[in-house]
Each structure stands twice: as structure tokens, then as C-alpha cells.
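Working notes, beginning with the structure itself.
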Amino acid sequence: QVQLVESGGGLVQAGGSLRLSCAASGRTFSSYNMAWFRQAPGKEREIVACISSSGGSTYYADSVKGRFTISRDNAKNTMYLQMNSLKPEDTAVYYCAAAIIRGYGDQATYDYWGQGTQVTVSS
């Protein structure tokens, strides 16, 4: 079982920034496609961004494009999400996910999940 642990969430005013981290166990991190999802109360879990195993390919949801940046450091077994120009609608629990074989925008394509970290943006 792969363990994923998110950190970096918290409270921030609209327009502010946060940097989320996802630390992964094991020695095969560099082979996983990775993603960030988020879920607000009463809403379905939605893709935020995903990144290929090498970090060479990324995808962003339209709602965060231009404001968020996904990255990874395979030497540290860690993935990041830099969130700038935060809006109240970004408030959600943010989850880290890993795909052994493949990973796309559909959460069903991911095999491992972290516990989530709360991000709250006040207006």
C-alpha cells in the first residue's frame, strides 16, 4: 500500500497564496502519474491538476488555469500545488492521488489517495 500525505492547507484571504505538498512513501514514486483533486461540501470531487510521471506533461482544470501550478520532485517523492490568487470558490478539501499505470481527469483512474488537507479562502 502506497501512503500519500498532504500538507500545507489552511486559512487565507482572497487573493492570497498557499503551497500544498503531497509526500509519498515507497521507491516507485517516479513511475506514478499524480494528481490533485478537491471536494467542497455538497459537491462532487473534481480534478484540479495532474502531472505525468516525469513532470513533463500537465493538465489544469479551467477554473484554476493561470492561478495554480502543479509540480513534482521525484528525488524527494513529493508533489506540489502552488495556489495563487485564491478565490472563495477554491475552498475545499484537497486530495493527492497516484496512478500506478495511468491517470486522467477521472478519479477512477487513480489507485491511491491521501487523507486530504483543508483549504479555506475568505472574502
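- Of all non-hydrogen atoms in Ser85 and Ser17, the two that sit nearest each other are N-OG, 4.3 Å.
- Distance alone, capped at 3.5 Å, places no donor-acceptor pair between the Asn84 side chain and the Gly66 backbone.
- With hydrophobic clusters built from ILVMFWY side chains whose heavy atoms lie under 4.5 angstrom apart, Phe68 does not share a cluster with Tyr80.
- Judged by distance alone, the side chain of Tyr110 and the main-chain N or O of Tyr104 form a donor-acceptor pair under 3.5 Å.
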Inset, instruction - Begin from the C-alpha positions of Trp36 and Cys50 and carry the test side-chain contact (heavy atoms from CB on, under 4.5 Å) through to its verdict. - result: CA-CA 6 Å; Trp36 289 99; Cys50 56; over 6 Å; no

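- The heavy-atom pair separating Ala92 from Ala40 by the smallest distance is CB-N, 3.9 Å.
- Side-chain N or O atoms of Ser25 include one that pairs as donor or acceptor with a backbone N or O of Gln3 at under 3.5 Å.
- Minimum heavy-atom separation, Arg19 to Ser71: NH2-OG, 4.2 Å.
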Inset, instruction - Would you please test Val119 and Thr91 for side-chain contact (heavy atoms from CB on, under 4.5 Å) and show each step? - result: CA-CA 5 Å; Val119 172; Thr91 295; 5.9 Å; no

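- Residues Thr69 and Tyr60 have side chains in contact (heavy-atom distance under 4.5 Å, counting atoms from C-beta outward).
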Legend entry - Pair Asp111-Tyr32, side-chain contact (heavy atoms from CB on, under 4.5 Å): steps then yes or no: CA-CA 10 Å; Asp111 302 286; Tyr32 300 153; over 6 Å; no

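- Checked against side chain to side chain contact (heavy atoms under 4.5 Å, CB included), Val12 has the following partners two or more places apart in sequence or in another chain: Leu18, Leu86, Val121.
- No donor-acceptor pair closer than 3.5 Å links the side chain of Thr78 to the backbone N or O of Asp73.
- Ile51 and Val2 fall within a single hydrophobic cluster, where Ile, Leu, Val, Met, Phe, Trp and Tyr are joined by side-chain heavy atoms under 4.5 Å apart, directly or via other members.
- In this structure, Ser31 and Ser53 have side chains that are not in contact, with every pair of non-hydrogen atoms separated by 4.5 Å or more.
- Around the CD atom of Gln115, the shell of radius 6.0 Å holds no more than 12 heavy atoms that belong to other residues, nucleotides or ligands.
- In the hydrophobic clustering of this structure, Ile100 groups with Met79; members are Ile, Leu, Val, Met, Phe, Trp, Tyr whose side-chain heavy atoms approach within less than 4.5 Å, directly or through other members.
- In this structure, Arg38 forms no cation-pi arrangement with Tyr95, as its terminal cationic atom is not both closer than 6.0 Å to the ring centre and no more than 45° off the ring axis.
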Inset, instruction - List the steps, then state whether ring-ring contact (aromatic ring centres under 6.0 Å, His included) holds for Trp113 with Phe37. - result: CA-CA 10 Å; Trp113 294 83; Phe37 287 78; 5.0 Å; yes

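- In this structure, the side chains of Met83 and Tyr94 come closer than 4.5 Å at one or more pairs of heavy atoms.
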Inset, instruction - Determine, step by step, whether Met34 and Arg72 satisfy the side-chain contact (heavy atoms from CB on, under 4.5 Å) criterion, reporting the C-alpha distance in whole Å, the side-chain angles of both residues, the deciding distance to 0.1 Å, and the verdict. - result: CA-CA 9 Å; Met34 302 288 294; Arg72 66 192 295 162; 3.5 Å; yes

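- Going from atom CG of Asp90 over to atom OG1 of Thr120 covers 11.0 Å, rounded to the nearest 0.5 Å.
- For the residue pair Ser52 and Asn33, no side-chain donor N or O sits within less than 3.5 Å of a side-chain acceptor on the partner.
- No side-chain heavy atom of Glu6 sits under 4.5 Å from any side-chain heavy atom of Leu4.
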